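See structure below.
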Amino acid sequence: MEENSNFIKTIIKEDLESGKRNKVITRFPPEPNGYLHIGHAKSIIINFGLADEFNGTTNLRFDDTNPLKEDQEYVDSIKEDVKWLGYEWENLFYASNYFEEMYERAVLLIKKGKAYVDDLTQEQIREYRGTLTEPGKESPFRNRSIEENLNLFEQMRKGEFENGAKVLRAKIDMSSPNINLRDPVIYRVSHATHHNTGDTWCIYPMYAFAHPLEDAIEDVTHSLCTTEFEDQRPLYDWVVRECDMASTPQQIEFGRLNISNTVMSKRKLKQLVDEGFVDGWDDPRLPTISGLRRKGYTPEAIREFVIAAGVSKGSGTVDAQMLEHFVREDLKLKAPRTMGVLKPLKVVITNYPEDQVEWLDAEVNPENPEMGVRQIPFSREIYIEQEDFMEDPPKKYFRLFPGNEVRLKHAYFIKCEEFIKDEAGNVVELRCTYDPETKSGSGFTGRKVKGTLHWVDAKSALPAEFRLYEPLILESDEKNEEVIEGKTFLDYVNENSLEIVQGFIEPNMKDAKPQDKFQFFRHGYFNVDEKHTSKSKLVFNRSVSLKSSFKL
RNA sequence: UGGGCUAUAGCCAAGCGGUAAGGCAACGGACUUUGACUCCGUCAUGCGCAGGUUCAAAUCCUGCUAGCCCAGCCA
């Protein structure tokens with residue numbers, strides 16, 4: 001969070017200077033009901049980053065107040081993702097461990113005449129709540145005696161009522177223009193097994209009541225959340241105050257992160273997974289932390305991106321290219337260079353000795369010489385990229401075409417003498433000649449060529465699979481113009497978001513392991529896929545392509 | 001249309017009464033054994049609109065307009 005200024009940082013700084021606070025404690029409070037995505041990463045980075053900057057601490061707290069939706073599977077994945085992003089929590093907490101205290105605070109509210117048990121059905125409660133423009137009306141059960149409320153609430157806890165039969169409501173103001181203050185439900189009956197507390201409870205607190213208590217219990221100073229909770233802030237403060245909490249956390253809201261060409265809500269992500277548009281929560285096309293990890297994005301890149309995008313109350317959409325920029329930026333000095341041919345075209349170098357193999361020196365990363373040198377074999381038959389040859393090229397095409405000479409990276413100049421087509425008219429083989437004097441590293445300056453191609457030695461190359469990704473969601477003009485009847489985001493899913501090709505890589509890649517990252521020359525950065533890679537074949541996910549100003 | 005919030009370049013975003021940071025993208029050019037990287041340069045006489053206060057306004061005031069959020073016993 002170092003360099004950039006933002007409004008939350010300003011608030012914290014002032015709180016510390018004015019003496020309002022003498023420490024900073026934040027928390028990252030996910031509900032364990034799904035996988036984390038890059039929007040959560042923003043929250044993690046803000047909460048941990050800000051606390052860090054002011055020598056404070058951050059807790060990881062599972063906001064597990066709804067047993068119907070939560071599961072241990074999610075708490076495990078969330079812990080893994082937070083760690084992977086590079087953060088260490090001060091404490092690991094569960095909101096469900098505070099259920100007893102929350103219950104006591106609810107009893108306190110009842111005793112103060114600030115809460116009551118309501119028998120209205122769910123539908124009735126909705127009707128009584130009023131609308132955005134009309135005030136609500138009070139429930140006929142609103143003025144029960146404190147004794148009766150106390151008794152009823154205890155019976156709720158004891159399991160004497162069915163799901164939905166009764167709720168506990170805060171008694172605030174049914175005519176408030178802020179709907180959140182129209183006697184919000186703070187406890188509901190739910191006979192369900194909780195992943196942490198088992199069958200101990202059959203009543204569970206609602207977020208609006210539980211969250212401020214959780215923050216206060218943990219002595220959180222700055223409770224940072226997204227803007228959709230802004231309307232809840234008066235209620236948040238009301239709960240802290242009326243429950244006589246010793247600590248007074250302050251809720252501050254920031255704008256959610258949106259990124260172009262993708263979706264960022266658990267609901268939509270789940271839909272894409274459930275309906276088979278992708279192959280799981282960790283599909284590299286998804287903005288989930290596990291998906292980005294599998295795609296080859298790094299924690300550093302994600303962090304730099306989030307920091308660069310900034311923190312404000314606005315709700316804009318950041319260009320996905322900005323994220324990609326930080327991935328390239330981070331991998332530039334880290335990823336070894338290597339050559340891989342995605343769509344092979346055989347080239348026979350006719351004047352090269354039949355059984356000769358040369359081992360050529362190649363720097364592992366020209367921008368980071370410390371990474372050393374590797375050896376690559378070169379012989380009479382190689383593969384180049386199909387798109388690096390054109391029979392009849394346009395102007396300024398400086399790759400291979402009949403009569404043209406190019407450089408083979410780390411090797412020699414070769415000149416295209418002839419090309420062979422199959423009966424369908426596809427070019428299937430090139431016949432070239434090489435010039436021994438032009439060997440890389442020899443200092444040859446006799447003539448220059450405009451193009452440098454990557455290649456692999458045909459005999460020793462290893463087969464490999466490459467998975468190339470395009471944006472999952474297509475941004476359409478329609479989407480921004482008139483609303484098309486019945487269309488949802490699923491209608492904008494890109495059917496060509498995944499392309500799988502079979503190619504070849506340098507033989508020295510044989511020991512690459514899942515999550516190893518490389519830059520394939522002229523193609524981009526790739527990550528060894530952990531799911532599909534087998535003993536017999538490496539599978540690479542393209543993390544991000546290289547920028548290119550080349551256009552045909 | 002009740003309430004809350006937000007409007008600064010194509011996108012994100014600083015700025016807090018003293019004369020518009022930065023990043024992404026884009027576009028020129030140099031360099032180049034990655035059409036990459038790097039480097040150099042260009043990119044808001046303008047801060048949603050209209051008024052007002054002031055020597056001075058993106059910053060203060062008034063009035064509009066547009067966008068986002070809220071009517072779960074979800075979080």
Side-chain angles (χ1 to χ4, degrees), chain A residues 3-7 10 29-31 33 63-66 68-69 118 120-122 125-127 129-136 163-169 176-182 184-190 203-204 206-208 210-211 225-234 253 255-258 260 266 304-305 307-326 328 332-333 337 339 362-363 366-367 396-399 406-411 413 440-441 448-454 519-524 545-551:
Chain A
E3 53 274 11
N4 294 321
S5 165
N6 68 60
F7 78 101
T10 303
E31 182 188 18
N33 70 341
D63 203 3
D64 53 353
T65 57
N66 185 357
L68 264 21
K69 296 190 170 181
D118 198 348
L120 254 30
T121 65
Q122 191 163 175
I125 287 179
R126 191 188 320 123
E127 285 160 20
R129 188 152 35 221
T131 68
L132 293 178
T133 52
E134 301 160 298
N163 289 352
K166 284 183 169 48
V167 292
L168 184 69
R169 292 230 254 170
S176 172
N178 181 346
I179 291 181
N180 294 295
L181 263 19
R182 317 237 264 229
V185 171
I186 59 175
Y187 260 95
R188 78 280 215 180
V189 176
S190 181
I203 56 172
Y204 293 92
M206 301 288 290
Y207 168 88
H211 206 88
C225 62
T226 46
T227 52
E228 66 267 29
F229 294 102
E230 215 156 7
D231 291 335
Q232 301 242 15
R233 195 165 66 228
E253 313 84 9
R256 285 180 98 107
L257 173 64
N258 294 302
S260 62
K266 274 185 200 169
E304 292 304 313
F305 163 72
I307 291 170
V311 181
S312 75
K313 300 196 69 162
S315 58
T317 300
V318 182
D319 196 324
Q321 287 184 104
M322 185 160 159
L323 211 203
E324 296 190 332
H325 163 80
F326 285 98
R328 293 189 192 99
K332 186 166 60 190
L333 298 180
R337 269 47 167 174
M339 295 193 287
E363 61 244 297
E367 296 183 71
K396 306 242 299 221
Y397 181 86
F398 35 85
R399 277 114 97 141
V406 299
R407 180 195 302 277
L408 289 179
K409 179 73 182 173
H410 301 306
F413 285 10
S440 286
K448 293 203 181 281
V449 289
K450 295 282 282 183
T452 299
L453 308 188
H454 61 276
Q519 185 204 97
F520 283 108
F521 246 85
R522 303 207 298 142
H523 280 301
S545 62
L546 257 23
K547 286 179 65 172
S548 173
S549 56
F550 174 68
K551 28 194 172 306

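Chain naming here is simple, since letters A, B, ... match the order of the sequence lines and numbering starts at 1 in each. Just so you know, these numbers come straight off a predicted model, no measurement behind them.
- Between A:R407 and B:U34, a side-chain N or O to OP1/OP2 separation shorter than 4.0 Å is absent.
- Computed from coordinates, the A:R328 CZ to B:U38 P distance equals 11 Å when rounded to whole Å.
- A heavy-atom distance below 4.5 Å is not found between the side chains of A:M206 and A:V167.
- Using a 4.0 Å heavy-atom distance criterion, A:Q519 is classed as a base contact.
- Proximity of A:K547 to the phosphate of B:A26: a side-chain N or O atom is located under 4.0 Å from OP1 or OP2.
- In this structure, A:R126 reaches the B:G72 phosphate: one of its side-chain N or O atoms is under 4.0 Å from OP1 or OP2.
- Each of B:U34, B:C69, B:U33 was ranked by its minimum atom distance to the side chain of A:P366; first place goes to B:U34.
- Base pairing of B:C5: its partner is B:G67, meeting the Watson-Crick or G-U wobble criterion (both donor-acceptor distances under 3.5 Å).
- Across all strands shown, the partner of B:A30 is B:U38, judged by Watson-Crick or G-U wobble contacts whose two distances both fall under 3.5 Å.
- Under the Watson-Crick or G-U wobble criterion, with both distances below 3.5 Å, B:C24 is paired with B:G10.
- Between B:U33 and A:H410, no contact under 4.0 Å exists linking OP1 or OP2 to a side-chain N or O.
- A glycosidic torsion no more than 90° from 0 defines the syn conformation; B:G67 lies beyond that range and is anti.
- Counting any heavy atom pair closer than 4.0 Å across all strands shown, A:S176 reaches no nucleic acid atom.
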